[in-house]
Amino acid sequence: METMQPTLKRGRDVWNRINMPKAEFLGRVEKIREQIEQKGIDVLLLYGNSLNEYGNPCYISNYFMKMAQGAVVAITCKGEVTLICEGFSRDLPTVKSTTWVDDVRSCEDVSQRSVAFLEEKNLIPSTIGFVGLEQFMPYHQFQFLLKSIEPCKIIHAGDMIREIRMIKYQREVDQIRRSSRIVARIFDRIAQTPFPDANEKNLEAVMGREAYLEGVEDIRMLIAKPQEGNWALRPFEGVSLSADNVVIIYLAVEFERYWSEGIRTFLFKNDSFAEPNLEVVKSLYKRIVEGMTLRKRVSQFYRETIDKIKESQVDIIHEYGLGQGIGLSLQEFPLLIEEDTSPLKEGMCLTLRLAIKDKEMGAMMIGDTIYLSKNGPEVLT
Amino acid sequence: MSDHHVKLNRVVELIHQRGFDGLIIYSSGISYILQPCYLYYFSGFRPMGPNNAVIISKSGDLILLVEPRWDSIRASKKSWIRDIRGTSDFLKDLTDILRKFNITGTIGVIGSGEMTTKLYEGIHQVAAIKLAGDIIEEIAKEKTERELDIIRKTANIADIGFKAFLEHARIGIREYELMAEMEFAMRSAGADDIFNMMSSGNHNYAMHPPTDRRLAPGDIVIGEITPACEGQFIQLCRTVFLGKPSSVLIEKYDVLVRALEESLKQVKSGNPASLISKNMNRVISEAGYAKYCYPPYMRARGHGFGAGSVAPGAVIDDDTKVNLERHQVVIVHPNQYIPETGYLACGETVLVTDTGMERLSKTETKLYINEG
């Protein structure tokens with residue numbers, strides 16, 4: 001789901017070595033090294049930027065960008081892993097406190113610094129694997145990089161990392177479980193707290209406080225009032241909540257790098273958020289979740305879901321999609337769309353969203369983060 | 001004539017002056033404290049991303065193209081632009097609009113630094129791209145009365161933020177809990193974005209997002225308190241000591257306050273912006289810390305803030321070449337690493353006027369002490 005990007009990820013910034021020890025990252029590096037060796041890649045460059053797309057370099061280094069900056073992790077078949085990140089040199093101690101990577105280099109321009117690194121390591125010419133560079137790196141930086149490494153052979157290795165990141169390690173699942181618990185607690189808190197003189201901004205402030213006190217790094221929130229004529233999910237505004245308002249809340253939190261999201265529909269009544277009668281949507285949603293069985297192709301799951309919705313004789317709202325993978329990014333693979341033929345596999349973490357029209361309430365939405373275990377789908381939020 | 005139409009007329013005038021067939025103001029939805037979101041400034045719509053653009057023709061026709069498609073509903077309520085289109089195929093719809101507006105020769109592009117290769121090259125196949133980021137900077141140089149109202153409101157929120165910072169900076173609270181309380185106070189007061197950094201300890205080196213660390217007796221707690229409303233940031237840099245401060249700390253902080261005062265004396269429309277830095281560095285150097293006034297210890301001595309322009313620039317240092325101009329919003333911060341005390345924070349955001357400057361926040365500039 002697209003959300004408003006803040007200027008800074010300003011929550012708790014730590015490397016929890018118990019939840020995510022160095023050995024976990026070394027295991028990932030080894031796995032990737034095996035694959036790049038097979039592909040004949042001399043050096044793999046994993047790029048990410050800004051607040052939404054830090055996943056590629058973070059997967060290896062645990063480093064994530066707190067503002068609009070880029071970073072590259074370079075992995076060679078032998079030798080140490082290098083992290084090149086945009087920022088000031090005085091921030092290096094802070095960066096180093098959150099990554100196991102010893103060779104950390106700060107710079108103004110990650111493209112220029114990456115070229116300098118490749119020159120230093122005598123990797124021009126060589127065979128370079130690209131992950132996320134063409135997709136996310138700003139044009140001017142990418143052109144500089146391409147021009148500077150003209151003698152090199154480029155292998156686009158994004159699919160390789162995509163496949164690896166799609167299946168979560170147990171420790172990743174545990175992290176998503178932790179962030180999911182925070183999502184669930186905040187929704188519970190909303191349902192249990194009286195909000196006299198409720199205003200959307202106050203509600204946002206309360207939810208933000210709860211989340212930051214739980215130790216999240218980032219939080220994204222959207223709201224919708226589907227009884228209003230022309231409605232959509234949107235950021236919170238300085239407007240009041242009136243009695244009998246149906247309120248849909250989208251909430252995503254990032255805890256120790258990993259995201260979880262949830263969506264709930266509330267009825268605002270007597271200064272409190274209560275759950276309206278969602279029997280129809282909940283029962284349909286339950287059947288959809290049960291359809292997330294291992295080895296089924298996403299395309300098949302999608303078609304079956306649409307059929308279930310039709311059978312229930314409700315009108316689906318397609319705008320927000322059915323969901324997708326979630327982890328180091330709010331938008332990972334697979335995508336729950338008809339065109340995605342990936343099989344559902346054990347270890348995947350997915351978001352599932354269901355939005356349907358309703359005559360009285362305007363619309364009802366429900367959404368969760370789901371883990372596909374060997375026993376089937378488990379709702380984490 | 002409304003502010004919006006003044007902006008549009010000026011943009012069209014500049015499109016003609018530059019010989020462009022039209023202009024794209026693009027945003028990928030990222031927000032950066034030292035670089036305005038030009039699309040937000042121009043359209044009144046803060047984009048989420050991944051792709052948003054205003055396309056303006058030579059004759060002043062304009063379209064706001066919004067992705068994700070569903071966000072066009074919000075755009076239609078926020079922006080003064082009437083022709084707003086949601087898209088799920090941004091590049092195709094963008095290039096279709098360029099052709100519809102007959103923009104096939106040269107196009108000015110604002111925000112190209114956020115474009116990916118696929119998007120940039122897709123536009124380039126329709127029209128030759130010329131970078132035009134300075135167009136909005138030119139228009140946004142002088143703040144409107146409405147902008148000044150927002151700036152003052154934001155300054156008040158910074159004061160509220162500091163009050164919460166001071167109230168909660170107590171022994172035992174974790175850094176991230178302290179920031180959560182400050183954030184809550186500023187959000188409740190109406191901030192729509194926040195850029196807060198801090199550090200705590202008996203010898204700090206730099207500010208950063210909060211950690212798990214619990215505040216302890218004898219801590220120096222430093223904070224950059226930076227709320228925003230409608231793209232306008234205001235910053236306060238302050239230091240709180242937990243306990244009874246040493247005479248050395250009091251003496252060193254006094255150096256920073258004097259450096260700030262000397263710098264602020266130089267803030268006036270027409271004065272070189274570098275005087276801010278030079279005067280600050282002079283006072284701190286005279287106190288014996290000349291080497292600590294420059295990298296790797298210190299870098300910028302201030303910078304501009306603004307929804308459409310951060311003039312006089314993202315860095316004010318001894319080498320800054322431009323002059324200050326009326327209604328620029330500038331943070332002046334002698335934040336300083338001092339070997340005896342570590343990093344200390346001290347800074348004010350001011351509005352540049354014809355006769356000097358106006359302090360925007362009311363929080364007193366001093367070393368704060370929480371003895372309890």
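The figures here come from the full heavy-atom set of this structure, side chains too, leaving out hydrogens, waters and symmetry mates. What you are looking at is a predicted structure, and each value in this text was computed from that prediction instead of being measured. Every chain is numbered from 1 and lettered A, B, ... according to where its sequence line falls, protein lines coming before strand lines.
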*asked:* With a 4.5 angstrom heavy-atom cut-off, is it the side chain or the backbone of B:Glu183 that approaches chain A, or both, or neither?
replied: side chain

*asked:* Does any backbone or side-chain atom of A:Ile219 lie under 4.5 Å from a heavy atom of chain B? Answer side chain, backbone, both or neither.
replied: neither

_Segment of A:Leu51 engaging chain B (4.5 angstrom heavy-atom cut-off)_ = neither

*Would you mind checking which part of A:Glu204 comes under 4.5 Å of any heavy atom in chain B, side chain (CB onward), backbone (N, CA, C, O), both or neither?*
side chain

*Let me know which of A:Glu256, A:Glu214, A:Glu254 forms a salt bridge (Lys or Arg N to Asp or Glu O under 4.0 Å) with A:Arg12.*
A:Glu256

*With a 4.5 angstrom heavy-atom cut-off, could you sort out which part of A:Phe88 is near chain B: side chain, backbone, both or neither?*
side chain

_Portion of A:Glu217 that has a non-hydrogen atom of chain B nearer than 4.5 angstrom_ = neither

*asked:* Is A:Met4 in contact with chain B via its backbone, its side chain, both, or neither, using a 4.5 Å heavy-atom distance?
replied: both

*Measure the spacing between SG of B:Cys37 and OH of B:Tyr26 and express it to the nearest 0.5 Å.*
10.5 Å

_Heavy-atom cut-off 4.5 Å, strictly under: side chain, backbone, both or neither for A:Gln135 against chain B?_
backbone

*Taking the inter-plane angle between the rings of B:Tyr120 and B:His124 on a 0 to 90° scale, is it parallel (under 30°), tilted (30 to 60°) or perpendicular (over 60°)?*
parallel

*Pick one of side chain, backbone, both or neither for A:Asp91, based on which atoms fall under 4.5 Å of a heavy atom in chain B.*
side chain

*Quick one: what part of A:Thr3 sits under 4.5 Å from any heavy atom of chain B, side chain, backbone, both or neither?*
backbone

